[in-house]
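Structure first, then comments.
Naming convention: chains lettered A, B, ... in sequence-line order (proteins, then strands); numbering from 1 in each chain.
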There are 2 protein chains.
Amino acid sequence: MPGVTIAEAADHVGLTADTLRYYEKDGLLLRPVPRDASGHRQYGEPDLRWIRLVTCLRATGMPIRDVRRYAALVRAGEGNEEERLALLHAHREEVLRRLAEVTAHLGAIDHKIGIYEHRLEELDRSA
Amino acid sequence: MPGVTIAEAADHVGLTADTLRYYEKDGLLLRPVPRDASGHRQYGEPDLRWIRLVTCLRATGMPIRDVRRYAALVRAGEGNEEERLALLHAHREEVLRRLAEVTAHLGAIDHKIGIYEHRLEELDRSA
DNA sequence: GGTTGACCTGGAGCGCACTCCAGGGGCGAC
DNA sequence: GTCGCCCCTGGAGTGCGCTCCAGGTCAACC
């Protein structure tokens, strides 16, 4: 048994079967997922590993089209490592930028929360 | 001059005029923005302050519908502070959850970057 | 008084990332 | 052999959050 079904794969990586088919059709995977005799997909460990990396990229906000570009680079084989690295670096910078932005805005919200808490305390005391 | 034009307001808060109109129509603001004699919107300082808070909420990923709920609470006036606070708290928790998730996934990507950097160094040395 | 430019409205359109569906095939259990 | 279940495909539909557009008003400037 060299692979798992799409339902099992979905379960392992935390996506739905529909999403896995969509990713494959959209060129996000390194190869067409192998099939068994009746045409059902059989995900091997390498497929799952790659999909887990894809979910890391997606979960950090990389757009589908960039994942596709990255997959294309890996698919093209050795020799473009600089390009892959540049893509990952650019993404990393973008993620850090967004983390900083969210953190800053969260600070403002925390401030607001503090104000409400203070106000409610006052009400409590005066009650 | 008790207010600024929509273009100026958009500029101040970092949104577009279209988005400001959309927010207003969608119930994200505390009140219909006041108009001048010819029907043009005039944003006052309170409007701008509120919109800045809205952008904080949006920038941290709060869905439009939750911003609308929050706006409705504030519009309803005093007496529902606990509810507002609960909403903000829930959002805060959600943001922290997402920050942690992104940070974790970013770690995996950093690891990948490290691998490529190492590999490229090796290539350099052997060249 | 004609032109320009900013604003108005209602509503259509768009990009993204899925998500769902109809219609059909294969296979093991009873 | 038929029931139930999982899988297949191509394509349509969905939700979100804007973004754009046509057609019109108004004030200012030349």
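- In this structure, A:Asp26 places its CG atom 14 Å from P of C:dT19, rounding to the nearest Å.
- The pair A:Glu8-A:Arg41 does not meet the salt-bridge criterion, since no charged nitrogen lies less than 4.0 angstrom from a carboxylate oxygen.
- Between the P atom of D:dC6 and the CG atom of A:Asp36 lies a distance of 16 Å, rounded to the nearest Å.
- Across the protein-nucleic acid pair, A:Met62 atom CE and C:dA17 atom C1' stand 16 Å apart, rounded to whole Å.
- Taken together, the paired segments of DNA chain C that extend over three or more consecutive Watson-Crick or G-U pairs, each closer than 3.5 Å at both contacts, are C:1-30 with D:1-30.
- Nucleic acid contact class of A:Ala7 (heavy atoms, under 4.0 Å, all strands): sugar-phosphate only.
- Under the 3.5 Å distance criterion, with hydrogens and angles disregarded, a donor-acceptor pair is assigned to the side chains of A:Asp36 and A:Ser38.
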With sugar-phosphate taken as primed atoms, P, OP1 and OP2 and all else as base, the protein-contact string of nucleotides 18-30 of chain D at under 4.0 Å (heavy atoms; B, S, -) is BBB-----S----

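- Taking 4.0 Å as the cut-off between side-chain N and carboxylate O, B:Glu122 and B:Arg125 count as a salt-bridged pair.
- An OP1 or OP2 oxygen of C:dA17 is reached within less than 4.0 angstrom by no side-chain nitrogen or oxygen of A:Arg68.
- Regarding B:Glu24, its CD atom lies at a distance of 12 Å from the C1' atom of C:dT9, rounded to whole Å.
- A side-chain N or O of A:Glu117 and one of B:His89 form a donor-acceptor pair less than 3.5 Å apart.
- One finds no salt bridge joining B:Arg69 and B:Glu83 here, because no Lys/Arg side-chain nitrogen approaches an Asp/Glu carboxylate oxygen to under 4.0 Å.
- Between B:Arg41 and C:dC7 there is no side-chain polar atom (N or O) within less than 4.0 angstrom of OP1 or OP2.
- Annotation: of the two residues near DNA chain C, B:Thr5 and B:Lys25, the 5′-most nearest-nucleotide partner is B:Thr5.
- Nearest heavy-atom pair, A:Leu28 versus A:Ala71, reported as atom, atom and distance to 0.1 Å: O-CB, 3.6 Å.
- Interatomic distance, CD1 of B:Ile113 versus CG of A:Leu85, reported as 6.5 Å (0.5 Å rounding).
- A salt bridge is defined here as a Lys NZ or Arg NE, NH1 or NH2 lying under 4.0 Å from an Asp or Glu carboxylate O, and A:Glu93 with A:Arg97 fails to meet this definition.
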